[in-house]
Amino acid sequence: MAQEVGVRSIPQLKQFGRDLGVLSEQLSSAYHAANRKMQTVCEGWNDQVNMKFMQEFQKDEKQIDEIAAHMKEFSAFINKSCEILEMYQSTRL
């Protein structure tokens, strides 16, 4: 099955799945940290430009969270697929 689905290296695919999961967490964490810092900075900056920036930033944060969630789901899918491929390989040996 591994050859039939075009997977050359299950370990490389597994590593990519793990890396994608880590990237998902890092992306979300970094953006939330930036949001907290922005809130602190913006306490002393109260004009229309700031309000618009904050609204756009928070809208972007929702999109970042969605992207991070998709990456996490794909990471889980890759990991599950690798488990199936490894089971298949072990039964063929």
Side-chain angles (χ1 to χ4, degrees):
M1 181 177 185
Q3 292 297 339
E4 294 143 1
V5 295
V7 175
R8 290 186 190 169
S9 173
I10 295 172
Q12 282 181 333
L13 185 59
K14 282 177 83 168
Q15 184 61 51
F16 174 69
R18 284 191 297 269
D19 291 347
L20 196 58
V22 169
L23 178 60
S24 167
E25 293 297 321
Q26 290 174 339
L27 177 64
S28 183
S29 177
Y31 211 84
H32 287 285
N35 189 10
R36 286 189 299 275
K37 288 180 183 179
M38 180 194 64
Q39 296 293 332
T40 301
V41 168
C42 290
E43 287 175 1
W45 178 28
N46 195 13
D47 62 12
Q48 291 298 324
V49 173
N50 176 45
M51 296 300 260
K52 183 178 180 192
F53 175 77
M54 287 181 65
Q55 289 171 349
E56 289 177 14
F57 195 91
Q58 289 170 342
K59 184 180 102 184
D60 291 345
E61 184 176 24
K62 290 177 185 176
Q63 292 174 336
I64 293 290
D65 286 342
E66 288 176 15
I67 291 167
H70 287 294
M71 289 181 357
K72 191 172 184 177
E73 289 170 12
F74 193 57
S75 173
F77 171 77
I78 290 171
N79 291 330
K80 183 65 176 174
S81 296
C82 286
E83 289 175 13
I84 293 167
L85 289 168
E86 288 173 333
M87 284 182 7
Y88 179 77
Q89 272 188 337
S90 69
T91 59
R92 291 191 67 202
L93 299 176

Heavy-atom count around Q48 CD within 6.0 Å, excluding the residue itself: above 12? no
State, without any angle test, whether R18 and Q15 hold a side-chain donor-acceptor pair at a distance under 3.5 Å. yes
Please round to the nearest 0.5 Å and tell me the distance separating atom [atom1] of [X] and atom [atom2] of [Y].
X: N50; Y: M38; atom1: CG; atom2: CE; result: 8.0 Å
X: N35; Y: Q58; atom1: CG; atom2: CD; result: 5.5 Å
X: Y88; Y: I10; atom1: OH; atom2: CD1; result: 11.0 Å
X: K72; Y: L27; atom1: NZ; atom2: CG; result: 12.5 Å
X: L13; Y: E86; atom1: CG; atom2: CD; result: 9.5 Å
X: R36; Y: Q39; atom1: CZ; atom2: CD; result: 10.5 Å

Return all side-chain donor-acceptor pairs below 3.5 angstrom for residues 74-84, not counting sequence neighbours, or 'none' if the list is empty.
unit_1, atom_1, unit_2, atom_2, d
S75, OG, G17, O, 2.5
N79, ND2, S75, O, 3.2
S81, OG, F77, O, 2.9

Apply side chain to side chain contact (heavy atoms under 4.5 Å, CB included) to residues K52 and E56 and explain how you reach the verdict. CA-CA 6 Å; K52 183 178 180 192; E56 289 177 14; 3.0 Å; yes
What residues form a ring pair (Phe, Tyr, Trp, His ring centres under 6.0 Å) with F57, not counting sequence neighbours? Y31, F53
Hey, any chance M51 and W45 share a hydrophobic cluster, counting ILVMFWY side chains that come within less than 4.5 Å of each other, even indirectly? no
Could you walk me through whether D65 and H32 satisfy the side chain to side chain contact (heavy atoms under 4.5 Å, CB included) test, starting with their C-alpha distance in whole Å, then the side-chain angles of each, then the deciding distance to 0.1 Å, before giving a yes or no? CA-CA 9 Å; D65 286 342; H32 287 285; 2.9 Å; yes
Are the side chain of S90 and the backbone of M87 linked by a donor-acceptor contact shorter than 3.5 Å? yes
Does I64 reach the side chain of E61, with side-chain heavy atoms less than 4.5 Å apart? no
What is the minimum heavy-atom distance between A68 and S24, and which atoms define it? O-OG, 2.6 Å
